[in-house]
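The structure appears below as structure tokens.
A note on names: the letters A, B, ... follow the listed sequences, proteins ahead of strands, and every chain is numbered from 1. From a predicted model like this one, the values you see are computed outputs, not experimental measurements.
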Amino acid sequence: MRQPTYYELVYAVVKLIPRGRVSTYGAIADFLALGSARMVGWALNKSYTAGGVPAHRVVNRRGELSGRNHWPSPSMMQEMLEQEGVSVEDNRVKDFGRLFWSPAELGENFEIHI
DNA sequence: TGTTTGACCACGG
DNA sequence: GCCGTGGCCAAAC
């Protein structure tokens with residue numbers, strides 16, 4: 001075995017975002033307490049296709065789909081969110097304040113599954 | 001090996 | 001509300 005790399009930690013957290021909710025780069029970075037929000041975005045860039053990581057549930061702090069341009073199609077991210085019941089309007093998550101989910105809700109019981 | 005690059009964020013003016 | 005700046009640190013080159 002080896003130590004999980006930073007982006008594997010990010011994937012693990014992103015996978016825990018509940019269906020129909022969204023989280024932010026900053027919240028994840030803050031929860032991991034390792035670095036910065038930029039690294040979270042960078043990590044997702046490397047692996048938005050790395051099996052089973054719901055990267056579409058991660059948006060920036062204003063609820064904007066800042067990563068949409070990195071998808072095979074820019075509209076794909078929005079479509080996936082809407083499939084889960086998250087309304088998106090003008091590249092922004094509608095009712096972002098209500099749908100926002102913080103990994104801090106997990107408490108201290110966070111386990112990594114790689 | 002040093003430098004550059006990021007799907008960002010908080011802060012000050 | 002906008003704009004510039006600094007911070008953050010792993011990977012790529």
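- Of the side-chain N and O atoms in A:Thr24, none sit less than 4.0 angstrom from OP1 or OP2 of B:dC8.
- A:Lys46 has a side-chain polar atom (N or O) that falls below the 4.0 Å cut-off from OP1 or OP2 of C:dA12.
- Here A:Arg57 pairs with A:Glu84 in a salt bridge; the nearest charged N to carboxylate O distance falls below 4.0 Å.
- As rounded to whole Å, 12 Å separates atom P of B:dG6 from atom CH2 of A:Trp42.
- With hydrogens and angles ignored, a donor-acceptor pair under 3.5 angstrom links the side chain of A:Tyr25 to the base of B:dA7.
- Contact between the side-chain N/O atoms of A:Asn45 and the OP1/OP2 oxygens of B:dA7 is found at a separation under 4.0 Å.
- One finds the CG atom of A:Asn69 at 10.0 Å from the OG atom of A:Ser73 (value rounded to the nearest 0.5 Å).
- The CG atom of A:Asn69 sits 13 Å away from the P atom of B:dG6 (whole-angstrom rounding).
- At whole-Å resolution of the value, CD in A:Glu64 and P in B:dC8 are 10 Å apart.
- Comparing C:dA10, C:dC8, B:dC9 against the side chain of A:Asn60 picks out B:dC9 as the nearest.
- Note on A:Arg61: a side-chain N or O is less than 4.0 Å away from OP1 or OP2 of B:dA10.
- The structure places CG of A:Leu16 at 13.5 Å from CZ of A:Arg21, a figure rounded to the nearest 0.5 Å.
- Per the geometry, CZ belonging to A:Arg38 stands 12 Å off P belonging to C:dC8, to the nearest Å.
- Residue A:Leu44 contributes atom CG, which lies 14 Å from atom P of C:dA11 at whole-angstrom precision.
- Atom-to-atom distance recorded for A:Leu81:CG and A:Leu99:CG is 9.5 Å, nearest 0.5 angstrom.
- Between A:Leu34 atom CG and C:dA11 atom P there is a gap of 12 Å when expressed in whole angstrom units.
- The distance from atom CZ of A:Arg62 to atom C1' of C:dG1 is 11 Å, rounded to the nearest whole Å.
- In summary, of the residues considered (A:Leu34, A:Val40, A:Val14), a side chain to side chain contact (heavy atoms under 4.5 Å, CB included) with A:Leu9 occurs for A:Leu34 alone.
- Two residues, A:Gly26 and A:Met39, neighbour DNA chain B, and the one matched to the more 5' nucleotide by heavy-atom proximity is A:Met39.
- Look at CD1 on A:Ile28: it is 15 Å from P on B:dA7, rounded to the nearest Å.
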